[in-house]
Amino acid sequence: MIERRIQSGVGPKTGHKNEKGVGCLNIIVCIKQVPSTSNVEVDPVTGVLRRDGIKSKMNPYDLFALEQAFLLREQYGGTVAALSMGPNQAMDVLYEALYMGADSAVLASDRRFAGADVLATSYTLAQCVRKMGKYDLIVCGKQTTDGDTGQVGPEMAEWLEIPHACNAISIESFSEGAFTVKVNMDHSIYTLKIEAPCLITVDKDVNTPRLPSYLRRKRAGNAQISVWSMDDLADQAESHYGLSGSPTQVERIFPPEAHDDRECFKGSGEELADRLYSLLRQKKRI
Ligand SMILES: Cc1cc2nc3c(=O)[nH]c(=O)nc-3n(C[C@H](O)[C@H](O)[C@H](O)COP(=O)(O)OP(=O)(O)OC[C@H]3O[C@@H](n4cnc5c(N)ncnc54)[C@H](O)[C@@H]3O)c2cc1C
């Protein structure tokens, strides 16, 4: 692993000071409800997942995103707001976030948001962020366990015109309006300085997520989740949301073919090598 230090980010400084003279952070965490089973049916006509009635859970990566936000709030003060886009049942993951310690929660839910691809999803979430007001940091998971594109975070940052960093393995500190972040680029680890407001997507194992607690649940009491439809957002052009705002065309969704044609060879090393060689020749691999 190579470790490099680079400067990143061009966003305006919004990190304000708390009474101790250090940063005080308003953080938004994006969380998605995903199926907790791999047996999800796909509508053969629209290519859209049938999510109604199937068991769901919080996207596992978003647990790490939430925990990261709580740790920063503990260190610097401030607030953590959870944001999700999905059907009404997505309230469950927002309640879970509140019981884990989020201060507030917003659900973007509207039939007109349905069938959104990554472009429309990130646009809708960015519109919600604009309505949520001043923020210093948006934390997303690195990817989801259903759509799995890893593109929603970076695309949101583009819509909001703020800098972003992906695959963070730690957010080390916040000072002078910038976060110091370690990101995993597979072959190397970079240490970045990224100015607030910004968006960071976090890898798993960045921390150990806390569990929703009875005490926090009691404290959260009857915490209300704000539910926003398209009518609550600044841009109300239907062509920017849901299926009509989604340029992606799904031609076909299908489970990968299972290959059961296995053969087991036995023999000496030389015999096995000969057998393997003739098999590869036969299949025109060599
Ligand atoms: C043509 C088409 C139709 C589709 N129709 C539907 C549909 O009807 N219903 C449906 O549910 N999906 C649908 N999808 C899938 C949908 O596009 C993705 O689920 C969505 O764009 C998120 O992408 P992702 O799962 O790859 O997220 P990733 O980019 O892998 O997620 C990264 C992070 O972004 C954040 N994030 C992602 N999605 C959300 C969200 N919804 N709310 C809050 N935070 C989020 C989370 O922090 C997450 O960890 C469709 C996709 C296509 C291409």
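Here the structure is a predicted model, which means the values were calculated and not measured. Counting starts at 1 for both ligands and their atoms, following the listed order.
Of the heavy atoms in S122, none comes closer than 4.0 Å to ligand 1. The proximity of L125 to ligand 1, defined as any non-hydrogen pair under 4.0 Å, is limited to the side chain. At a heavy-atom distance under 4.0 Å, only side-chain atoms of D146, from C-beta outward, approach ligand 1. Looking at Q151 against ligand 1, only its backbone comes within 4.0 Å, counting heavy atoms. Counting heavy atoms under 4.0 Å from ligand 1, residue I31 touches it through the backbone alone.
Checked against a 3.5 angstrom limit, the closest N/O atoms of G153 and ligand 1 fall outside it. In terms of polar-atom proximity, defined here as any N/O pair under 3.5 Å, V139 makes no such contact with ligand 1.
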Pair D235, Y241 - check side chain to side chain contact (heavy atoms under 4.5 Å, CB included), show working.
CA-CA 10 Å; D235 178 8; Y241 299 94; 3.7 Å; yes
Does E172 form a side-chain hydrogen bond (donor to acceptor under 3.5 Å, both in side chains) with S170? I'd like the steps, not just the answer.
CA-CA 6 Å; E172 311 230 302; S170 70; 2.9 Å; yes
Y135 and R130: side chain to side chain contact (heavy atoms under 4.5 Å, CB included), yes or no, with the steps?
CA-CA 9 Å; Y135 63 92; R130 287 194 192 280; over 6 Å; no
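When all heavy atoms are compared, the tightest approach of I169 to V206 is O-CG2, 3.0 Å. For Q236 against D231, the heavy-atom pair with the smallest separation is NE2-O, 2.8 Å. Considering every non-hydrogen atom in both V183 and A168, the closest pair reads CG1-CA, 3.9 Å. D136 and A196 make their closest contact through O-CB, 3.5 Å (heavy atoms, listed as atom of the first residue, atom of the second, distance).
For the residue pair S56 and Q89, a side-chain donor N or O sits within less than 3.5 Å of a side-chain acceptor on the partner.
For the pairing with Q143, the side chain to side chain donor-acceptor pair (under 3.5 Å) check across T201, D148, D203 returns one residue only, D148.
Side-chain contact between Y123 and S246 is absent, with no heavy-atom pair separated by less than 4.5 Å.
Under a 4.0 Å heavy-atom criterion, G115 is in contact with ligand 1. Contact between G150 and ligand 1 is present, with at least one heavy atom of the residue lying under 4.0 Å from the ligand. At a 4.0 Å cut-off, not a single heavy atom of S246 sits close enough to ligand 1 to count as contact.
When D117, V152, T121 are ranked by how near their heavy atoms come to atom 52 (C) of ligand 1, first place goes to D117. The heavy atom nearest to atom 4 (C) of ligand 1, out of those in G147, A116, A82, is found in A116. The nearest non-hydrogen atom to atom 46 (C) of ligand 1, considering only V29, D148, D62, T149, comes from D62. Of the candidates K142, K32, Q143, M58, it is K32 that places a heavy atom closest to atom 18 (C) of ligand 1.
Listed by number with element, the atoms of ligand 1 under 4.0 angstrom from any heavy atom of L83 are 43 (C). Within ligand 1, the atoms closer than 4.0 Å to a non-hydrogen atom of S84 are 42 (N), 43 (C), numbered from 1 in the order shown. Interface of V118 with ligand 1, defined as ligand atoms under 4.0 Å from a residue heavy atom, comprises 17 (O), 21 (O), 23 (O). Close approach to N59 involves these atoms of ligand 1, each under 4.0 Å from a residue heavy atom: 48 (C), 49 (O). The contact set between ligand 1 and C140, taken as ligand atoms under 4.0 Å from a residue heavy atom, comprises 47 (O). Interface of T248 with ligand 1, defined as ligand atoms under 4.0 Å from a residue heavy atom, comprises 1 (C), 53 (C).
T248 contributes no side-chain N or O that, together with a main-chain N or O of D117, makes up a donor-acceptor pair within less than 3.5 Å. S278 places a side-chain N or O within 3.5 Å of a backbone atom of R275 that can act as its donor or acceptor partner.
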